[in-house]
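Within every chain, numbering begins at 1; the chains are lettered A, B, ... in the order of the sequence lines, protein sequences first and strands thereafter.
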2 protein chains.
Amino acid sequence: MTDTTDRAAGPRAYQAVLSSIEADLRSGRLNIGDRLPGERTLSEQHGISRASVRDAIRILDVMGLVRTATGSGPNSGTILISDPAAGLSSTLRLHVASRHLPVADIVQARILLETWAATAATTRPIDEPSLARAAELLALMDDPALGREAFHDLDSQFHVLLSTLAGNAVVSAMMESLRLSIMDYVRHAVTTDEQWQPVAQALRHQHHGILDALTARDGDLAARLLGEHIEWFFTETAR
Amino acid sequence: MTDTTDRAAGPRAYQAVLSSIEADLRSGRLNIGDRLPGERTLSEQHGISRASVRDAIRILDVMGLVRTATGSGPNSGTILISDPAAGLSSTLRLHVASRHLPVADIVQARILLETWAATAATTRPIDEPSLARAAELLALMDDPALGREAFHDLDSQFHVLLSTLAGNAVVSAMMESLRLSIMDYVRHAVTTDEQWQPVAQALRHQHHGILDALTARDGDLAARLLGEHIEWFFTETAR
DNA sequence: CGCCTAGTATGGTCGGACCACATTGTTGTG
DNA sequence: CACAACAATGTGGTCCGACCATACTAGGCG
């Protein structure tokens with residue numbers, strides 16, 4: 001039960017572990033930060049081999065639900081985390097690679113989610129600390145000596161931060177995963193520094209405009225600027 | 001390195017296979033419907049054990065990128081498919097289970113995506129066959145003798161079909177995955193037939209209204225009805 | 001007391017074995 | 001010759017047992 005992703009095959013051994021863990025999560029017996037029993041223990045508890053247990057844990061790993069670490073002590077073993085965007089983005093990225101999810105659709109979906117988030121953010125109480133943090137990020141990005149990787153990283157943080165202002169964890173996770181899924185696509189689009197510098201300058205300007213609109217609680221303006229921002233970047237780079 | 005999901009751990013053996021397959025997908029050397037080499041062949045090609053190869057294939061499996069089948073012949077082995085919603089939904093479902101993605105956020109995101117799709121659909125050329133198919137689905141759902149499982153199945157098909165009218169594969173995949181991720185949550189909410197019958201009746205009526213609006217190319221109305229439809233269902237069942 | 005070492009528990013990888021299954025080829029029989 | 005029954009083959013699914021690298025833990029030794 002609790003499985004809607006059957007592939008109409010024989011019951012896989014690892015499903016036992018997955019179902020058990022899912023049930024424990026729902027009931028609250030397991031929580032983020034908890035350590036899972038060791039693989040050898042689980043294999044004994046469920047009466048399956050350690051290999052099958054590892055299948056289940058590997059799945060949870062790529063889903064962004066656990067992290068694993070070797071060694072001993074409290075920081076080792078399999079530990080429950082919560083990184084939905086990681087799991088979603090890797091899935092999306094592979095499907096983009098298979099060319100059944102067009103990059104244009106990814107971009108369009110991102111615009112949809114982010115503009116909604118911008119609008120929704122202005123219907124909620126003002127989150128002063130987050131806005132301050134956003135301004136801080138923009139200030140860091142204004143440094144002309146900043147490397148491209150660092151810029152992308154800050155850029156990512158900025159967009160994620162804005163999307164969290166809407167207070168919808170699903171939208172934030174999906175938006176971030178969309179962004180991650182086409183990140184190296186973007187990285188490869190602009191290759192030289194000569195191409196990059198003017199782009200970065202434009203992005204800085206756009207970012208400030210967006211944040212200003214949000215600070216002024218003008219959701220419609222923020223949404224419009226954000227949409228144009230994303231749209232512009234992709235027509236600019238993916239030509 | 002075509003890998004943005006590193007967990008900052010030692011290089012996993014299965015990454016070799018994943019990267020190779022991802023590269024082959026991007027370059028077009030692999031396409032949907034193709035058969036992957038056997039696990040034993042892959043393990044030899046990449047110089048890793050079959051167990052590690054199986055890790056990679058298992059990951060692709062849960063992502064909805066391949067299906068596996070035992071036996072011999074053209075329909076056996078590991079075959080490339082494209083089912084993004086399956087991979088996304090299983091990830092979402094587990095994260096919902098961990099209670100870090102509230103069901104309310106899922107519903108809100110679904111409303112966002114579906115209402116957008118309804119609006120976007122009316123800005124595109126009329127897809128007569130799909131609308132006819134949608135009407136057909138509603139007609140089937142009108143049968144009062146229909147079982148609940150069958151109703152849910154047709155319901156699902158109806159919503160997915162509508163979302164495809166917008167012509168954005170990513171939005172469709174995400175919308176379907178959101179739906180799947182909370183499907184058994186819904187199934188458990190309404191338990192008895194006495195509870196179910198009036199709900200089904202209301203859903204039928206709402207569906208017809210939505211389709212009528214779409215057929216009349218009134219995107220705003222369709223979006224509004226669709227939003228109310230989803231909202232109503234969840235406030236009705238998840239009380 | 002403090003440093004160093006042996007012990008222990010953990011996931012990561014490997015190789016090999018066997019099973020269930022589906023197709024294909026072969027053989028025996030009518 | 002036709003065809004059914006059987007054997008061979010190739011596939012993923014599972015299991016077992018072993019060994020490794022790592023990271024913490026507990027003692028022993030200076």
Side-chain angles (χ1 to χ4, degrees), chain A residues 3 5-21 30 33-81 83 86, chain B residues 3 5-21 30 33-81 83 86:
Chain A
D3 185 12
T5 59
D6 275 322
R7 284 211 201 353
R12 305 288 178 83
Y14 65 82
Q15 290 288 358
V17 183
L18 279 188
S19 302
S20 161
I21 290 176
L30 282 177
D34 290 354
R35 284 186 58 185
L36 256 54
E39 297 180 351
R40 293 161 180 86
T41 306
L42 285 174
S43 80
E44 194 181 343
Q45 284 178 355
H46 292 89
I48 59 179
S49 73
R50 192 184 155 209
S52 295
V53 170
R54 285 181 57 76
D55 272 356
I57 293 183
R58 168 85 49 251
I59 290 171
L60 294 175
D61 184 34
V62 299
M63 283 181 174
L65 264 155
V66 303
R67 69 167 179 81
T68 60
T70 63
S72 167
N75 281 335
S76 74
T78 306
I79 296 178
L80 281 168
I81 61 175
D83 190 359
Chain B
D3 185 12
T5 59
D6 274 322
R7 285 211 201 348
R12 306 289 177 82
Y14 65 81
Q15 288 288 358
V17 183
L18 279 187
S19 302
S20 161
I21 290 176
L30 282 177
D34 290 354
R35 285 187 56 185
L36 255 54
E39 298 179 349
R40 293 158 180 88
T41 306
L42 285 174
S43 81
E44 194 180 343
Q45 284 178 357
H46 292 90
I48 59 179
S49 73
R50 193 186 153 207
S52 295
V53 170
R54 285 181 59 76
D55 273 355
I57 293 183
R58 168 87 46 251
I59 290 171
L60 295 175
D61 184 34
V62 300
M63 283 182 174
L65 264 156
V66 303
R67 68 167 180 81
T68 59
T70 63
S72 167
N75 281 336
S76 74
T78 305
I79 296 178
L80 282 168
I81 61 176
D83 190 359

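One can place CD of B:E44 at 20 Å from P of C:dT13, the figure rounded to the nearest angstrom. Distance NE2 (A:H46) to C1' (D:dT14): 16 Å, rounded to an integer number of Å. Atom CD1 of B:I57 is separated from atom P of D:dG13 by 8 Å (rounded to the nearest Å).
Side-chain nitrogen and oxygen atoms of B:T78 include none within less than 4.0 Å of the OP1 or OP2 phosphate oxygen of D:dT11. Checking the phosphate oxygens (OP1, OP2) of C:dG12, a side-chain nitrogen or oxygen of A:R54 falls inside 4.0 Å. Considering only side-chain N and O atoms, A:S72 lies nowhere under 4.0 angstrom from the phosphate OP1 or OP2 of C:dT10. OP1 or OP2 of D:dC15 has at least one side-chain nitrogen or oxygen of A:S52 nearer than 4.0 Å. For D:dG13, the OP1/OP2 oxygens have a side-chain nitrogen or oxygen of B:T68 closer than 4.0 Å.
With sequence neighbours left out, B:R50 forms a salt bridge (charged side-chain N to carboxylate O under 4.0 Å, His left out) with B:E39.
Between B:D61 and A:R12, at least one side-chain N (NZ, or NE/NH1/NH2) sits under 4.0 Å from a carboxylate O, which counts as a salt bridge.
For a distance-only test at 3.5 Å, the side chain of B:R50 qualifies as a donor-acceptor partner of the base of D:dG13. Donor-acceptor pairing under 3.5 Å, judged by distance alone, is absent between the side chain of B:R58 and the base of D:dG13. Side-chain N/O atoms of B:R12 and base N/O atoms of C:dG11 include no donor-acceptor pair closer than 3.5 Å.
Nearest-nucleotide positions on DNA chain D for A:S76 and A:A13 put A:A13 closer to the 5' end.
The listed nucleotides are C:dG12, C:dT23, C:dT10; the one nearest the side chain of A:E39 is C:dG12.
The neighbour count for A:Q45 CD, taken as heavy atoms of other residues, nucleotides or ligands under 6.0 Å away, is above 12.
The heavy-atom pair separating A:G33 from A:I79 by the smallest distance is O-CG2, 3.7 Å.
Backbone-only contact: A:I48 has heavy atoms under 4.0 Å from sugar-phosphate atoms and none from a base. Within the nucleic acid shown, B:G73 comes within 4.0 Å of sugar-phosphate atoms alone, with no base atom in reach, counting heavy atoms only.
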